[in-house]
Amino acid sequence: MPELPEVETTRRGIAPHLEGRRIVRVIVREPRLRWPVDPELPAILEGQTVHAVGRRAKYLLLATDAGTVLLHLGMSGSLRLVPAGTAPGRHDHLDLCLDDGRCLRLNDPRRFGSVHWTGDAPETHRLLAALGPEPLGTAFDGAHLYGLSRGRTAAVKAFLMDSRVVVGVGNIYASEALFRAGIHPRRPAGRVGRGRYLALADAVREVLGEAVAAGGTTLRDFVDSDGRPGYFAQSLRVYGKAGAPCPACGATLRQERIGQRATYYCPRCQR
DNA sequence: ACTGGCTCCTGAGGGC
DNA sequence: TGCCCTCAGGAGCCAG
């Protein structure tokens with residue numbers, strides 16, 4: 001399931017195949033995604049040309065003259081380009097068929113993904129309007145985290161995963177970034193100092209940047225738009241490694257639940 | 001204003 | 001082989 005590096009890998013994979021292409025047909029086989037797919041979507045989209053494939057947080061943005069498609073992959077979604085007429089498989093919920101004889105096909109077993117349309121500037125859409133800065137952009141740094149965290153009692157890991165604070169830091173990379181910064185995931189966000197937030201912001205940039213460069217992390221069912229796995233899984237230092245020795249100090253790594261999410265950390269390195 | 005908990009859904013894996 | 005349980009990468013929404 002996609003975190004930000006997987007979404008960015010998907011964006012880079014599909015963008016050259018979509019940009020400049022006209023959508024000739026939209027097939028919705030299963031509208032019951034996280035939110036129901038607008039029944040008007042096919043009529044709105046057919047005939048539109050995709051000018052650009054962008055991304056905001058984990059939303060892919062397909063820009064056309066008339067508006068923008070907001071596409072979220074949820075926990076189990078993936079996109080593939082297939083020749084028109086390719087028989088749909090289980091959980092192939094939606095096709096955007098292009099004027100070159102291929103279709104962008106959305107597969108999502110858990111149906112936590114979504115497809116929205118907006119005719120307005122996408123950043124004003126209700127799902128995007130309140131989002132924090134991009135972790136790889138210039139507005140995100142340690143001072144930003146420090147400023148927002150004063151007085152907050154929630155665990156720093158939950159704080160880091162709050163999309164109003166910073167977008168795109170999912171469960172895997174939150175554990176990885178906190179490990180690299182040496183911060184205990186359960187520490188109250190308001191009790192992490194400025195210097196440590198500078199280190200944390202650097203760690204977030206570093207881990208996400210490395211993961212994007214590696215093509216994402218493969219866990220279970222993620223494949224990029226060409227069907228190849230990502231290679232970041234072998235670079236994970238703590239995620240999924242409870243019981244294994246800490247790669248830095250050798251102490252036994254632990255798993256706990258924080259905010260209903262599995263969290264991995266080193267009890268000696270992280271304070 | 002925050003916080004924690006719940007929710008949507010399918011599939012994989014473990015224990016018996 | 002089958003059944004039942006738990007868990008999984010997201011994130012919006014709600015009550016307190």
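Throughout, protein chains are lettered first and strands after them, A, B, ... in sequence-line order, and every chain is numbered starting at 1. Values in this document were obtained by computation on a predicted structure and should not be read as measured data.
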Rounded to the nearest angstrom, tell me the gap between atom [atom1] in [X] and atom [atom2] in [N].
| X | N | atom1 | atom2 | result |
| --- | --- | --- | --- | --- |
| A:Arg191 | B:dC2 | CZ | P | 19 Å |
| A:Tyr59 | C:dA11 | OH | P | 7 Å |
| A:Glu3 | C:dA8 | CD | P | 13 Å |
| A:Lys157 | C:dA11 | NZ | C1' | 14 Å |
| A:Arg111 | B:dC9 | CZ | P | 6 Å |
| A:Trp35 | C:dA11 | CH2 | P | 9 Å |

Determine whether A:Glu256 and A:Tyr265 satisfy the following criterion, side-chain hydrogen bond (donor to acceptor under 3.5 Å, both in side chains), listing intermediate values before the conclusion.
CA-CA 8 Å; A:Glu256 287 179 23; A:Tyr265 70 100; 2.5 Å; yes
Are any side-chain N or O atoms of A:Arg150 and backbone N or O atoms of A:Tyr146, one a donor and one an acceptor, separated by less than 3.5 Å?
yes
When you get a sec, tell me which of B:dT3, C:dG12, B:dT10 is the closest nucleotide to the side chain of A:Arg164?
B:dT3
Considering only side-chain heavy atoms of A:His72, which listed nucleotide, B:dC6, C:dA11, B:dT3, is closest?
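Comparing B:dC6, C:dA11, B:dT3 against the side chain of A:His72, the answer is C:dA11.
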Phosphate OP1/OP2 of C:dA8: any A:Gln255 side-chain N/O under 4.0 Å:
yes
In whole Å, measure the gap between the P atoms of C:dA11 and B:dA1 for me.
23 Å
P spacing across the pair B:dG5 / C:dC7, given as an integer number of angstrom:
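Approximately 15 Å lies between the P atom of B:dG5 and that of C:dC7.
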Can you tell me the pairing partner of B:dC9 across any strand shown, Watson-Crick or G-U wobble, with both distances under 3.5 angstrom?
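Paired with B:dC9, as far as the under-3.5 Å criterion goes, is no nucleotide at all.
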Pair up each side-chain donor or acceptor in residues 109-123 of chain A with any protein partner under 3.5 Å, not counting sequence neighbours, and list the distances.
{"unit_1": "A:Arg111", "atom_1": "NH1", "unit_2": "A:Arg32", "atom_2": "O", "d": "2.9"}
{"unit_1": "A:Thr118", "atom_1": "OG1", "unit_2": "A:Asp120", "atom_2": "N", "d": "3.1"}

